[in-house]
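What follows is a single structure, written as structure tokens, with notes after it.
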There are 2 protein chains.
Amino acid sequence: MSTASLVFSGKGPVAEATGDRVRAAASELGFTGPNPLASSLRHGRSGAIGVLVEGRLRMAFRDPFAIAVLDGLAEVLEAVPTGMLLIGQPAGTSESVIPQLAPLALDAVVFSLCGPGDNPAVEHLAARGIPMFSTGVPGDRRITQVRIDERAAGVAVAEHIRELGHRRVAHVAMPLLPTSTAGPVPDAEVRPGEANVPSVGRLLGFRDVFGPDAPAVQTGDGSSFEGGRIAGRALLDVPEQERPTAIVTQSDVIAAGVIVAAEELGLRVPDDLSVTGFDGVDLPWLPHRITTMDQQGREKGRLLGTLVRRRLDGTRPRSVTQPVLLRVGTTTAPPP
Amino acid sequence: MSTASLVFSGKGPVAEATGDRVRAAASELGFTGPNPLASSLRHGRSGAIGVLVEGRLRMAFRDPFAIAVLDGLAEVLEAVPTGMLLIGQPAGTSESVIPQLAPLALDAVVFSLCGPGDNPAVEHLAARGIPMFSTGVPGDRRITQVRIDERAAGVAVAEHIRELGHRRVAHVAMPLLPTSTAGPVPDAEVRPGEANVPSVGRLLGFRDVFGPDAPAVQTGDGSSFEGGRIAGRALLDVPEQERPTAIVTQSDVIAAGVIVAAEELGLRVPDDLSVTGFDGVDLPWLPHRITTMDQQGREKGRLLGTLVRRRLDGTRPRSVTQPVLLRVGTTTAPPP
DNA sequence: GTTTCGAGTCGAATCGATTCGAAGACGTCC
DNA sequence: GGACGTCTTCGAATCGATTCGACTCGAAAC
């Protein structure tokens, strides 16, 4: 019955009596509301946006910044209401995401838990005409971005350290390429044209201040505590005169790893070593407030959600660049 | 064209030439494969299962055990392929989940990030005939469960502590009810009939060993580091002769909070204080291996995923109870 | 030469809600 | 009484893939 549709959607004019009759029949037949699939087919909207997660879920969700972004996103989308469909993309099998993506009805896709590098999903989604959003990577032009000026942010943190008087300063980066392995950053991987990639841009900013020869290592697994600890140990477990007096890292979680590594070697933070992070996340278990660039992840996620909504409402929002704020904590001080 | 369907699905017999012709026409018209919505409507399957998340996403995702379960679940579902649709259910507005759920096409729903208490979503989903799964709560009979014997597990941890010689032992529980607030556990909230609720069952097991008067406090916010730290401070910041020599907690994250609180008060773990956790998760930033009941979250998630798949294949799997394993770490020792 | 068989193709019905336009009921005004 | 309007209701078409059954045609069997 077509009138039933009017009754349930509450749209068309329906006489009181007819409405009651329809509702009675509905409960009689155990009808629990319109079938979402049929409704979606008609409207061409599924009410779900995809969230692409690179690597194992547990790894991606270990990054509190990514969670904060997702949290803000959920906050905005809940109101629509639109669900978030998690799509795992195990590392090393990037092509396999296509058959996984193809049968899914998505109104938009957000890349918020993805690393650097090209993603085959972009091509597929572009062909299907599904709007794409990201927080920096992948940097494809077809993707609406909510980004920050990574290089300028990198410069700002480095300047803070420089102004405190530090001269022997090292850098701990997230992987510059998807294929990067833990250890010193090879020059070939630092491509100035890719300054929009967070790991590359932040490193470039650091080198803008401390010169192209300032030591830099990268973790092999993104923004991780263990990666930070290993990198920290490598940089700090050397004779004192070679040891850096400050370490600039690309994420708060990495910074936490470096701080713990320093304390394990008997160094005090910030007296013997200054450490900076990036992101501005909350690490309640760390007995320091990290000096960091606050990216306001939740706010970023909310903005992302707003752009998605606008796009689904028909307008075509442009990429935006958000400001970041240096937040000085208890992990930086003048050199000893 | 009906033949096109055969070509794309690769099911029916199609002549080579026709197949090529269809593919040519498809790429001509920019056809990127069958419309998932229409396909879903026909099959009555959406290819998505719902994951209900209670409270803000960032809070739920702060629990590494929940993440581990989700990770195992994703691992199994990726292969089908089936996506996981995150559905937020902000605390205090539990009814508002219905209009959010109603327009979503879901093949099944997993409650894995939910607290104790009744959930209005259960009634709605049951009416729609959507299969439900959970890891203990809600305990509705219509939900297929993958649970553990909470009370027996609680007994096992407590016995370990008792056998080490501890007599003054306190307990830190997760909230026993959705409305519980941080502080001492009121007797009215401990209902023996609810032993399947993790927080209740574990506390009952603890009291089976240490008696009904053993002190117990609960956090106000589930399994959280801050909750553990606050509870730890409350229990430990007292004259030495009243201070417990061991604290049994209901999660590793809470245990970590208690340990940090103890160290902040100048107590050494395990020399001055033994602490046990629950779950068996990996906390790389903690310089201890917590003595814990290993629930093998990832394995649990994988099993959950397998049950979901079976259910979607037509069989009707029964609830299962999994074994747990006491894993002794570096946080328990005889009393001083 | 006729029948039988099977591979390949296509038309039509189906999934269930939505929407457009037509038709019916009823009232008012000339 | 007839023309015209408004308020409701309903039939039919639509969204796009899938599937069942019917149909065609050529080859093999008798």
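Numbered from 1 within each chain, the chains take letters A, B, ... in sequence-line order.
- Phosphate contact (OP1/OP2 of D:dC10, side-chain N/O of A:Thr3, threshold under 4.0 Å): present.
- Between A:Ser39 and B:Ala17, the residue anchored nearer the 5' end of DNA chain C, judged by the nucleotide with its closest heavy atom, is B:Ala17.
- Across the protein-nucleic acid pair, A:Arg21 atom CZ and D:dT8 atom C1' stand 12 Å apart, rounded to whole Å.
- The nearest whole Å value for the distance from the CG atom in A:Leu37 to the P atom in D:dA17 is 15 Å.
- Closest to the A:Asn35 side chain, of the nucleotides C:dA17, D:dT19, D:dA17, is C:dA17.
- In terms of position on DNA chain C, the residue among B:Leu41 and B:Val14 whose nearest nucleotide sits closer to the 5' end is B:Val14.
- Atom OG1 of B:Thr135 sits about 11.0 Å away from atom CZ of B:Arg147, to the nearest 0.5 Å.
- Separating the CZ atom of B:Phe8 from the C1' atom of D:dG16 is a distance of 13 Å, rounded to the nearest angstrom.
- Distance from the side chain of B:Ser2 is smallest for C:dG11 among the nucleotides C:dG11, D:dT8, D:dG16.
- Across all strands, B:Pro13 comes closer than 4.0 Å to base atoms (heavy-atom distances).
- For A:Asp20, the CG atom counts as densely surrounded, since its 6.0 Å shell holds more than 12 non-hydrogen atoms of other residues, nucleotides or ligands.
- For the pair B:Asp20 CG and C:dG8 P, the computed distance is 14 Å after rounding to whole Å.
- Distances from the side chain of B:Phe31 to the nucleotides D:dA17, C:dG16, C:dT19 place D:dA17 closest.
- Side chain of B:Arg311 to backbone of B:Ala108: no donor-acceptor contact under 3.5 angstrom is found.
- Distance B:Lys11 NZ to D:dT18 P: 7 Å, rounded to the nearest Å.
- In this structure, B:Leu6 atom CG and D:dT19 atom P are separated by 9 Å, rounded to whole Å.
- Between the side chain of B:Gln295 and the main chain of B:Val281, no donor-acceptor pair closer than 3.5 Å is present.
- Not one N or O on the side chain of A:Ser39 forms a donor-acceptor pair closer than 3.5 Å with the backbone of A:Pro36.
- Ranking C:dA12, C:dA17, C:dG8 by closeness to the A:Arg42 side chain, first place goes to C:dA17.
- Between A:Ser9 and the phosphate of C:dA17, there is no side-chain N or O to OP1/OP2 separation shorter than 4.0 Å.
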